[in-house]
Amino acid sequence: MAAGAARRARRTRRQVDRDPGGGRIVADRLPKQSEDFPGWYVEVVKRAELAEHGPARGSMIIRPYGFAIWENIQRALDDRFKATGHENFYFPLLIPMHLLAAEAQHVEGFKLQAAVVTQGGGETLDEPLVIRPTSEAVIWPTYARWIQSYRDLPLLYNQWCNVLRWEMRTRLFLRTSEFLWQEGHTAHATREEAWDEALRMLEVYREVAEDVLGIPVIPGRKSESERFPGADETLPIEAMMRDAKALQCGTSHFLGQNFAKAYDVKFLNPEGRQEYAWGTSWGFTTRMIGGTIMAHGDDKGLRLPPAIAPIQVVIVPIYRSDEERSAVLDVAGKLRDDLAGNGVRAKLDDRDQHRPGYKFGEWELKGVPVRVELGPRDVEAGQVVLVDRVTGDKRSVSLAEATSGMAGTLDEVQLALFEDARAYRDENTHQIDDFDSFAAGVEEKGGFWVGPWCGSPECEEKVSAATKASLRVLPLEREDPRGPCIVCGKPGTERAIWARAY
RNA sequence: CGGGGCGUAGCGCAGCUUGGUUAGCGCGCGUGCUUUGGGAGCACGAGGUCGCCGGUUCGAAUCCGGCCGCCCCGACCA
């Protein structure tokens with residue numbers, strides 16, 4: 001259609017659809033989760049000032065408030081990596097094309113997603129450079145030089161960096177072409193040791209997801225079709241969002257000897273024989289900021305777990321006259337300092353251009369776990385009002401108690417978020433009785449559907465084609481299948497969890 | 001790549017069908033006064049190459065042609 005004609009058609013439609021009086025936004029309210037979950041998500045991300053779209057398609061600008069969340073996640077992970085014996089290093093962004101091409105499955109898996117630099121210094125490059133979609137292809141050739149003997153093993157390294165994957169459809173945090181993550185890359189002398197490492201890091205991810213982000217997850221294995229290109233086994237933690245869809249969170253891969261063989265990483269064992277090294281890799285990304293938003297948020301906006309909330313406690317002063325103002329701010333400032341002294345991330349919102357009600361709404365939107373209201377009446381009584389973002393409960397406590405008890409209050413909020421998310425997940429987890437009711441149920445209400453599976457890719461494919469649900473995870477704690485495969489009726493080997501996913 | 005939506009002030013939009021003085025409105029922003037226990041009010045003010053290029057016309061945000069970009073829904077993926 002010609003541009004002019006398209007424009008004209010648009011105009012007539014618009015005149016029908018819209019109030020011509022002027023584009024006033026009726027209410028400054030978020031879309032409701034129950035009515036428009038994707039719209040709710042986009043609005044929360046923007047209005048809470050977490051992130052916005054970058055100028056290039058699919059790119060993301062992470063704003064300070066959003067990045068502060070990422071920094072807290074990074075710290076939680078990095079501390080645990082160090083505690084399990086890992087060190088950080090840094091590998092380059094650009095990978096010569098021939099290196100990526102060395103591992104057959106790996107290159108096949110990423111060739112559609114890789115961006116390639118072909119020009120530099122105004123000239124066409126002799127060899128194109130791939131912008132890393134992940135770094136196995138540059139790290140393993142280096143490991144080949146670093147590893148000669150079993151005495152050099154294991155190598156337990158990690159890097160924090162950005163990667164780039166060309167995506168057809170993007171959503172802020174959940175899927176952007178460039179994203180931030182950590183990628184751990186380890187090499188081991190034995191299969192058992194590498195497998196244990198992959199499991200150990202999966203457990204680190206489970207702990208961070210549940211104890212830090214407050215998101216209950218199911219650790220397990222991916223089926224072959226969902227496996228990382230080049231891995232023998234892919235181990236995800238799988239979570240449920242508040243729209244009953246699944247989200248893959250951290251992932252740990254057991255690489256077997258695939259990359260060692262592709263990049264010729266051999267070591268001399270104690271018996272004097274050459275062996276290929278065994279590998280793992282594991283990653284956790286900025287996607288989990290999106291996961292946290294969708295696992296906990298409500299119709300008022302974000303609900304951040306205290307462990308990663310950039311601001312854990314916000315103090316909103318209330319006053320009328322100048323005298324009241326200085327009296328209230330005096331007490332409020334001291335409270336903030338006392339809280340900070342106790343290791344609490346506290347902020348005093350002393351902006352004069354907004355009234356308290358506005359600030360309440362704004363900090364609720366931004367997900368601050370605890371609000372302290374402090375007005376003239378409180379100052380007189382030596383107390384404050386505490387408001388919990390998760391339950392909305394208000395209670396008055398003494399100033400001293402507000403300071404000394406705040407850490408405990410934050411722990412309660414942290415736990416309440418986790419229990420809330422777990423209750424939601426349990427309510428939306430169903431046992432599969434037969435294929436038809438499963439297909440109808442997953443279509444109608446989403447959620448996790450658990451049932452016996454025979455292990456064949458054909459049956460898995462049939463489910464996906466019929467339901468748009470995918471096999472999310474085969475739980476690590478393997479359950480007895482308790483029945484025949486829901487598709488083919490042959491004996492089941494284990495119970496699989498199916499869901500529609502992000 | 002297919003389907004849909006959109007491009008006018010920082011944000012959200014009206015104006016275009018039927019071309020015509022200085023292109024409007026709400027929010028936000030600045031200054032001042034009054035306000036402040038659930039999203040304040042009034043006054044004054046700042047802010048625009050109407051996505052880009054070309055054409056028609058005395059005159060284009062508006063009509064014609066071309067181009068670009070972004071968002072949403074699907075196929076790929078953490």
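- Nucleic acid contact class of A:F179 (heavy atoms, under 4.0 Å, all strands): base.
- Pairing each heavy atom of A:P376 with each of A:V328, the nearest pair is N-CG2, 3.8 Å.
- With rounding to the nearest 0.5 angstrom, the CZ atom of A:F91 is 10.5 Å from the CZ atom of A:R132.
- Only the C1' atoms considered, B:G7 is 35 Å distant from B:A43, to the nearest whole Å.
- Rounded to whole Å, the separation between the P atoms of B:G47 and B:G3 comes to 44 Å.
- Both distances falling under 3.5 Å, in either a Watson-Crick or a G-U wobble arrangement, place B:A43 opposite B:U31.
- Nucleotides B:C33 and B:C72 have their C1' atoms positioned 46 Å apart, rounded to a whole Å.
- A:R500 and A:D243 are not joined by a salt bridge, as no carboxylate oxygen comes within less than 4.0 angstrom of a charged side-chain nitrogen.
- Counting non-hydrogen atoms under 4.0 angstrom, A:P236 reaches nothing in the nucleic acid.
- For A:R371 and A:F360, the positive end sits near the middle of the six-membered ring, less than 6.0 Å away and at most 45° from its axis.
- B:U22 sits 32 Å from B:C29 when the P atoms are compared, rounded to a whole Å.
- Looking at A:R47 and A:E362, no side-chain N of the basic residue comes within less than 4.0 Å of a carboxylate O on the acidic one, giving no salt bridge.
- Atom name P, nucleotides B:G54 and B:U62: the rounded distance is 14 Å, in whole Å.
- Base contact: A:K394 has a heavy atom under 4.0 Å from a base atom.
- Classification of A:E52 and A:K46 as a salt-bridged pair fails, no side-chain N sitting under 4.0 Å from a carboxylate O.
- Nucleotides B:C76 and B:G66 are separated by 32 Å at their C1' atoms, to the nearest Å.
- The partner of B:C70, taking Watson-Crick or G-U wobble pairs whose two distances both stay under 3.5 Å, is B:G5.
- Pairing for B:A60 is absent, judged as Watson-Crick or G-U wobble with the two contacts each under 3.5 Å.
- Taking atom C1' in both B:U56 and B:G65, the straight-line distance is 11 Å, to the nearest Å.
- Going from the P atom of B:C1 to that of B:U21 covers 42 Å, rounded to whole Å.
- Atom pair A:R377:CZ and B:U36:P shows a separation of 12 Å (rounding to whole Å applied).
- Note on A:K334 versus A:D330: no salt bridge recorded, every NZ/NE/NH1/NH2 to OD/OE distance being 4.0 Å or above.
- Spacing between atom CG of A:L329 and atom C1' of B:U36 amounts to 12 Å, rounded to whole angstrom units.
- Residue-environment remark: CD (A:E380) stays at or below the threshold of 12 foreign heavy atoms within 6.0 Å.
- Contact annotation for A:E324: no contact, since no heavy-atom pair falls under 4.0 Å across all strands.
- For A:R175 and B:A75, the CZ to C1' distance is 12 Å, given to the nearest whole Å.
- Distances from the side chain of A:R371 to the nucleotides B:G38, B:C77, B:U36 place B:G38 closest.
- For the segment residues 209-223 of chain A, no residue has any heavy atom less than 4.0 angstrom from an atom of RNA chain B.
- Using modelled atom types, one finds a donor on one side chain and an acceptor on the other under 3.5 Å when comparing A:T234 with A:H253.
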Within the sub-3.5 Å range, which N or O atoms of nucleotides 28-35 of chain B have a protein N or O partner, and how far apart are they?
none

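- Candidate nucleotides B:G39, B:U36, B:G38 were compared by shortest atom distance to the side chain of A:P356, and B:U36 ranks first.
- Salt bridge present: A:E203 and A:R206 bring a charged side-chain N and a carboxylate O closer than 4.0 Å.
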Pairs under 3.5 Å (N/O, protein and nucleotides 70-72 of chain B):
from, atom 1, to, atom 2, distance (Å)
B:C70, OP1, A:R57, N, 3.0
B:C71, OP1, A:H53, ND1, 3.2

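- Searching all strands for a Watson-Crick or G-U wobble partner of B:A23 with both distances below 3.5 Å returns nothing.
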